Amino acid sequence: MQAVRGVKDVLPDEAPNWQFLEKTCREWFARYGFDEIRVPIFEATGLFARSIGEDTDIVGKEMYTFDDKSGQSLSLRPEGTAGVIRAYIQSGLQREALVRLYYQGPMFRHERPQAGRLRQFHQIGAEVLGSESPLADAEVLVLTADLFQALGLDGLQLEINSIGCRECRPRYTVALRGFLEGRAADLCENCVRRTATNPLRVLDCKVETCRTHTAAAPFIPDHLCAACADHFAVVRGQLEAAGVGFVVNPRMVRGLDYYTRTAFEWTSDRLGAQSTVAAGGRYDRLVEQLGGQARPGIGFALGVERLLLLMETRPATPPDLFVVLAGEGAEAALAPVLRAVRGAGLKVDRAYGGSMKSQMKRAGKSGAPRCLIAGDDELARGTAVLRDMVAHSQREVPLAEVVAALK
RNA sequence: GUGGGCGUAGCUCAGUCGGUAGAGCCCCGGAUUGUGGUUCCGGUUGUCGCGGGUUCGAGCCCCGUCGCUCACCCCA
């Protein structure tokens, strides 16, 4: 038996890294006023089709979709925002003026596995719902910058763009398509197709000739309506004020249909092709698109596995004490001591048998700074040996005083 | 979904011209009977990814398949 393709076990030696990442995120989300929300791993397929977009690759060919026993079409979530917005509407949270939420958990996409790309992968994300203010956009970005700093990650680059709103984007799209149609002969096959379906993505193409031939194309930031341009200017100004470095990438587009205005991406140059480590943007129409009241929102998600690839490996924390039992009655005599030590909040490791020598070896390997050796002679006196594994010294301690001796 | 590279012990890998499989690490035991991390001695471990084919004989050659990996694509 082996695990299904594209999924991965998190083994004990990796768990500390996951825990550190999760804990750091929770802490920083709390500092910025976000509350946790936990939503299901599967939803009605229609939710994703309506939010992410029927024509996106994610919905079109990458979802794990199945019919349940009642014949309803369900899908494992390919991203987190759709479910969070659904819950936001359904629960009545949308009646609050402003809500900040964060979530974490597995997402599923049927893609060809690659470095930093799995079929079950994990995201941690956050959403600010109810404010159209560019201050919200900026604060979300500052939060991500703080988060990466707290995680000890440097060398990440922030790229931002504005992709306009329902007012200006259609006008821009027409202008861009006009430009691209005149140059179809110079573009790659994909881009010729995208010119018709999703012309913004042509700007995002990696093919060198496409990039050079679109160098003179109209770019979105120059074609924003006044409201979008103001919004984008405030976001940039706030980032500068907060001391968060960024570059405007006028070619950047998002893969999900629901984005409007601010779009951003944090990337690393150490991850090969899957360089995006976190990304997000504003989605001012999504809530009403899903049947809620008209509510603006902005959010992002970070890729846990990708971030972990960049982070230093954290060692597991060793136990505070290793207990070595070396006599017939040792187990019974030590039982209350074990409970007391653990009750005092200390981490205790032990073996369940074996020679004293092997138990000592285990004690040394465990990394415990001290070990408690309980042999017949000492137990007869109501004591045990407390050994300092670092100093190689030991002394006899009455069983009742073990907890105190460990403090 | 498309293409390239790779699958040998738990891990990292060696294995010549086809001749029947090795090292290091890890793990276990021991070095005078109750004391670890160093050192020394000893020991366990393989459907050579899987299935077929060629051959007297296949880890090695051929085909298929599964998996890993890198890139495309897509995206966090």
Side-chain angles (χ1 to χ4, degrees), chain A residues 1-8 11 13 52 56-63 77-81 104-125 144 156 188-191 193-194 198 201 204-207 252-256 259 264-268 271-281 299-310 318 322 324-328 330 351 354-379 384-394:
Chain A
M1 280 303 285
Q2 54 185 356
V4 168
R5 182 170 203 195
V7 308
K8 250 179 141 177
L11 298 173
D13 63 325
I52 299 168
T56 59
D57 280 15
I58 293 178
V59 170
K61 43 194 185 194
E62 294 175 358
M63 284 208 297
R77 61 185 185 191
E79 59 104 43
T81 301
Q104 71 169 72
M107 308 294 165
F108 307 84
R109 294 182 198 173
H110 189 101
E111 298 185 277
R112 185 88 172 252
Q114 202 178 314
R117 190 169 81 182
L118 298 165
R119 290 184 174 178
Q120 173 176 326
F121 61 102
H122 295 75
Q123 290 188 341
I124 298 177
T144 56
L156 296 183
C188 73
E189 206 177 300
N190 268 331
C191 284
R193 181 170 43 77
R194 285 190 282 226
N198 192 351
R201 292 208 77 78
D204 209 25
C205 185
K206 280 181 198 162
V207 177
M252 190 180 62
V253 191
R254 306 272 57 230
L256 285 58
Y259 285 112
F264 61 90
E265 222 167 272
W266 283 91
T267 58
S268 163
L271 288 178
Q274 311 303 319
S275 59
T276 302
V277 113
F300 74 96
L302 55 83
V304 173
E305 284 86 350
R306 289 182 188 179
L307 280 176
L308 290 172
L309 288 174
L310 296 173
F322 194 100
V324 174
L325 300 173
E328 282 301 306
S355 68
M356 175 145 188
K357 187 182 183 69
S358 75
Q359 289 186 62
M360 284 305 295
K361 275 188 181 174
R362 300 268 300 264
K365 220 189 101 193
S366 76
R370 286 181 284 199
C371 77
L372 188 69
I373 305 165
D376 290 330
D377 296 349
E378 292 83 5
L379 288 174
V385 170
L386 183 60
R387 179 172 177 82
D388 185 319
M389 300 296 279
V390 182
H392 306 274
S393 62
Q394 62 188 43

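Convention: sequence-line order gives letters A, B, ...; per-chain numbering from 1. Quick caveat: nothing in here was measured; it's all calculated off a predicted structure.
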Discussion item. So which atom in A:Met63 and which in A:Pro78 form the shortest heavy-atom distance, rounded to 0.1 Å?
Written reply: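 For A:Met63 versus A:Pro78, the nearest heavy atoms are SD-CG, 3.7 Å.
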
Nucleotide nearest [X] (side chain, heavy atoms from C-beta), chosen from [options]:
| X | options | answer |
| --- | --- | --- |
| A:Lys357 | B:C27, B:C72, B:G30 | B:G30 |
| A:Arg362 | B:C28, B:U35, B:A76 | B:C28 |
| A:Val385 | B:G1, B:A76, B:G34 | B:G34 |
| A:Ala273 | B:C72, B:C73, B:A76 | B:C72 |
| A:Arg194 | B:C73, B:G34, B:C75 | B:C73 |
| A:His110 | B:G1, B:C75, B:U35 | B:G1 |

Practice prompt. May I ask you to say what A:Gly125 touches in the nucleic acid, namely base, sugar-phosphate or nothing, with a heavy-atom cut-off under 4.0 Å?
Written response: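 The answer is nothing, as A:Gly125 stays clear of every strand by at least 4.0 Å.
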
Over how many whole Å does the gap from [X] atom [atom1] to [N] atom [atom2] extend?
| X | N | atom1 | atom2 | result |
| --- | --- | --- | --- | --- |
| A:Gln104 | B:A76 | CD | C1' | 15 Å |
| A:Met252 | B:A76 | CE | P | 11 Å |
| A:Leu156 | B:A76 | CG | P | 16 Å |

Should [N] form a Watson-Crick or G-U wobble pair with both distances under 3.5 Å, which nucleotide is its partner?
| N | value |
| --- | --- |
| B:C26 | none |
| B:A71 | B:U2 |
| B:U16 | none |
| B:U65 | B:G49 |

Discussion item. Regarding B:C75, can its base be found pairing with the side chain of A:Arg306 as donor and acceptor, where the two atoms are less than 3.5 Å apart?
Written reply: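 Such a pair exists between side chain and base.
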
Say we look at [N] and [M]: how far apart would their [atom1] atoms be, to the nearest angstrom?
| N | M | atom1 | value |
| --- | --- | --- | --- |
| B:A21 | B:C48 | P | 10 Å |
| B:C61 | B:G19 | C1' | 15 Å |
| B:G15 | B:A58 | C1' | 14 Å |

Worksheet entry | Side-chain (A:Glu305) to main-chain (A:His122) donor-acceptor, under 3.5 angstrom |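 The answer is yes, because a donor-acceptor pair under 3.5 Å joins these two groups.
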
Sequence neighbours left out, cut at 3.5 Å: what donor-acceptor pairs do the side chains of residues 369-379 of chain A make with other protein atoms?
{"residue": "A:Arg370", "atom": "NH2", "partner": "A:Leu406", "partner atom": "O", "Å": "2.8"}
{"residue": "A:Asp376", "atom": "OD1", "partner": "A:Glu328", "partner atom": "N", "Å": "3.4"}

Polar pairs (N or O, both sides) under 3.5 Å between protein and nucleotides 66-69 of chain B?
{"residue": "B:C68", "atom": "OP1", "partner": "A:Gly6", "partner atom": "N", "Å": "3.3"}
{"residue": "B:C68", "atom": "OP2", "partner": "A:Arg5", "partner atom": "NE", "Å": "2.9"}

